[in-house]
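In listed order, ligands and their atoms are each counted from 1.
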Amino acid sequence: MSVVVVLGLQWGDEGKGKVIDWLSSKADLVARYQGGNNAGHTVLVKGQQYILHLIPSGIIVPGTRCLIGNGVVVNPRALKKEIEEMEGLGIEVAGRLFVSENAHCLMPYHERIDQLQESGRGAGKIGTTGRGIGVAYSDKVGRDGLRFCDIVNERRWDWLAERVLPHINQQYAALQAEDRLEVGEFKALLAEFKEFIKPYIVDGVSMINDAIQADERVLCEGAQGIMLDIDFGTYPYVTSSNPSTGGVCTGLGIPPMQIKRVVGVAKAYTTRVGEGPFPTEYDDVFGLKVRTLGSEFGATTGRPRRCGWFDAALLRRTVQITGATDLIITKLDVLDTLEEIKICTGYKVNGKEHDIFPCGLSKEDKVEPIYETLPGWQTSLCDIRNAADLPRETMDYVQRIEQLVRTHVTAVSVGAERDQTILTREISFFDL
Ligand code: GDP
Ligand code: IMO
Ligand code: MG
């Protein structure tokens, strides 16, 4: 009965895909609980790169089953493309991938409206991925969404059209767009998506709870990061779902007491894509240097990621929200050449000191990070496989993070490859 959650503790792209893949050899079922194809999770195994957007990263390990939970918004065309890509790389997907019947369908009009909204926001844009995520979740919460269990039942299509068409056309009109959704086009989309999705549809809630009852090992994969959480992130510069631990329960239908371990993934520095506050962001010159060292370009949109120092005050907040039991620090190797490394321990916000990321921070607040400086290790970590072989300066950095965040670092990552992962404590993630 062990449910382990892996989630991102920063603004996304922490290396969740790598960690999920690393843990998947010990898992029976890997389940995504929120987000959509705004996510880009990269896994590197023996030189072969796999980029997952909707399919759980557990798919790379043969034998695991993968579930896309009810909390995910699923673009069927994007999922089809991804399945084909994975099959093209020799990954068996049929019979291993399942989609919860009450997950919501992300329609082409959601994508279109997302893009129209963003261009209408001008300087106030959020910097979304343009994948329609916020619009699909708005429709879900506003009760104008489309669940797959409705799409696969043709008898419900007239009822869906009656609800959805006026709602979408009102939005197009309000955005002063020429677009119109016609009933014929709408039903043609439903027919296309019904045909494609039917073999994957299951009662996801029973699938995951039966697995828990059967004592299987269940791994829950978060997308984005807690700083992008709709409730806890840097609102409005956030995504439209809950990557935080609560999202696991609502996005999969499992009771909270089944969650035994929450593994929080954080980079050894910080990155963010899109707009919004970022207290420890580097200046342009240093930012370019670290972006180059860490290949910091979005796995979904290719956009350059903003880079900055590790922020312990931010992690203190995201550990508080998630109850992370373990930390995994990724991309330590990216800092290999630096002479000095800074850690943010708190901030002065409009002159007042804070030791934890303020929930109500806005883009307009004057935030001055408070730093301490540690010496760099200035040697390559990429071939190290045992914690005992890590340089003293690296261990000092990791231990300082543990002290400041008050959570154990259970593993560190020193390269993108699956085997470039080092356990820093003798633990077995599923052995509770
Ligand atoms: P995710 O969205 O959290 O799954 O993270 P992404 O896949 O978007 O971004 C992380 C990037 O860093 C990917 O390109 C990974 O292959 C890469 N990566 C993960 N861990 C390490 C590491 O320890 N060192 C280096 N150099 N790259 C890493
Ligand atoms: P993974 O799972 C990094 C960001 C977007 C934008 C904001 C809202 O790979 O960590 P959205 O399209 O969700 O409405 O955009 O959220 N964003 C991500 N940033 N990693 C992600 O996913 C992200 N998914 C969304 O850049 O700032
Ligand atoms: Mg990513």
Side-chain angles (χ1 to χ4, degrees), residues 6-22 32 34-45 48-54 56-57 72-73 75 106 110-111 113-115 117-118 125-138 221-230 233-241 243 264-278 290 292-306 328-336 380-382 384 411-422:
V6 173
L7 43 74
L9 292 177
Q10 296 160 320
W11 276 287
D13 303 326
E14 298 90 348
K16 299 174 292 293
K18 181 191 159 153
V19 170
I20 288 278
D21 169 70
W22 180 63
R32 263 281 298 271
Q34 45 70 234
N37 62 322
N38 48 350
H41 296 178
T42 315
V43 177
L44 188 69
V45 185
Q48 179 61 60
Q49 192 181 62
Y50 306 86
I51 300 182
L52 286 319
H53 302 283
L54 280 162
S57 306
V72 179
V73 286
N75 174 334
L106 190 149
H110 290 134
E111 234 173 13
I113 293 172
D114 184 3
Q115 290 156 14
Q117 284 176 342
E118 272 290 88
K125 74 177 193 300
I126 289 162
T128 73
T129 58
R131 298 296 189 267
I133 306 299
V135 189
Y137 277 117
S138 297
E221 175 173 355
Q224 290 81 53
I226 308 309
M227 279 315 211
L228 289 170
D229 187 286
I230 185 76
T234 43
Y235 194 87
Y237 302 97
V238 291
T239 192
S240 300
S241 65
V265 187
K267 272 180 200 172
Y269 49 101
T270 312
T271 64
R272 153 159 228 178
V273 198
E275 307 300 315
F278 183 174
V290 176
T292 310
L293 288 169
S295 308
E296 293 295 354
F297 295 90
T300 296
T301 58
R303 287 178 293 174
R305 294 175 182 151
R306 297 157 65 192
I328 295 189
I329 304 294
T330 60
K331 304 194 89 161
L332 268 174
D333 56 296
V334 174
L335 308 181
D336 279 353
S380 170
L381 303 182
C382 66
I384 298 179
V412 297
S413 172
V414 294
E417 272 285 346
R418 183 188 277 169
D419 71 353
Q420 288 178 304
T421 319
I422 305 172

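For atom 23 (O) of ligand 1, the nearest protein heavy atom (residue, atom name, distance) is Ser413 OG, 2.5 Å. Atom 23 (C) of ligand 2 has as its closest protein heavy atom Gln224 CG, 3.6 Å. The nearest protein atom to atom 16 (O) of ligand 2, hydrogens excluded, is given as Leu228 CD2, 3.6 Å; this is a heavy-atom distance. Closest protein heavy atom to atom 5 (C) of ligand 2: Gly127 O, 3.6 Å. Atom 7 (C) of ligand 2 has its closest protein heavy atom at Val238 O, 3.9 Å. In terms of protein heavy-atom proximity, atom 20 (N) of ligand 2 is nearest to Asp13 OD1, 3.1 Å. Scanning the protein heavy atoms around atom 12 (O) of ligand 2, the nearest turns out to be Thr129 OG1, 2.6 Å. Closest protein heavy atom to atom 27 (O) of ligand 2: Val273 O, 3.0 Å. Nearest protein heavy-atom contact of atom 13 (O) of ligand 2 is Thr239 OG1, 2.6 Å.
Contacts between Lys18 and ligand 1 below 4.0 angstrom, taking non-hydrogen atoms only, involve the side chain exclusively.
Distances from ligand 2 to the non-hydrogen atoms of Arg305 include no value under 4.0 Å. Close to ligand 2: Arg303, with a non-hydrogen atom less than 4.0 angstrom away. Within the 4.0 Å heavy-atom cutoff, Gly40 counts among the residues contacting ligand 2. Residue contacts with ligand 1: Gly8 is excluded, as none of its non-hydrogen atoms falls under 4.0 Å. Put simply, part of Arg305 is less than 4.0 Å from ligand 1, judged by heavy atoms. Heavy atoms of Val414 approach ligand 1 to within less than 4.0 angstrom. Using a 4.0 Å heavy-atom cutoff, Thr300 is absent from the residues neighbouring ligand 2. Residue Arg131 places no heavy atom under 4.0 Å from ligand 2.
At a 3.5 angstrom cut-off on N or O pairs, Asp114 does not count as close to ligand 2. Any N or O atom pair closer than 3.5 Å counts here, and Gly12 shares no such pair with ligand 2.
Distances below 4.0 Å separate heavy atoms of Trp11 from the following atoms of ligand 2: 3 (C), 19 (N). Atom numbering of ligand 1 starts at 1 in the shown order; those under 4.0 Å from a heavy atom of His41 are 1 (P), 2 (O), 4 (O), 7 (O). Distances below 4.0 Å separate heavy atoms of Ala223 from the following atoms of ligand 2: 2 (O). Close contacts of ligand 2 with Ala39, meaning ligand atoms under 4.0 Å from a residue heavy atom, involve 1 (P), 2 (O), 9 (O), 22 (O). Ligand-side atoms of ligand 1 in range of Glu14: 3 (O), 5 (O), range being under 4.0 angstrom from any heavy atom. Within ligand 2, the atoms closer than 4.0 Å to a non-hydrogen atom of Lys16 are 1 (P), 2 (O), 10 (O), numbered from 1 in the order shown. Residue-ligand proximity, Gly274 to ligand 2, at heavy-atom distances under 4.0 Å covers atoms 27 (O).
Residue Gln224 is tested with Thr239, Asn38, Asp229 for a side chain to side chain donor-acceptor pair (under 3.5 Å); the sole match is Asn38.
Within the 4.5 Å cutoff, the side chain of Thr129 has heavy atoms near those of the Arg303 side chain.
Nearest heavy-atom pair across Glu296 and Val290 is CG-O, 4.4 Å. Nearest heavy atom pair, residue Tyr137 against residue Gly35, reads OH-N, 2.9 Å.
Ala299 lies apart from the Mg ion (ligand 3) in this respect, since none of its N, O or S atoms is found at a distance under 2.8 Å.
Closest approach between the Mg ion (ligand 3) and any N/O/S atom of Asp13 involves OD1.
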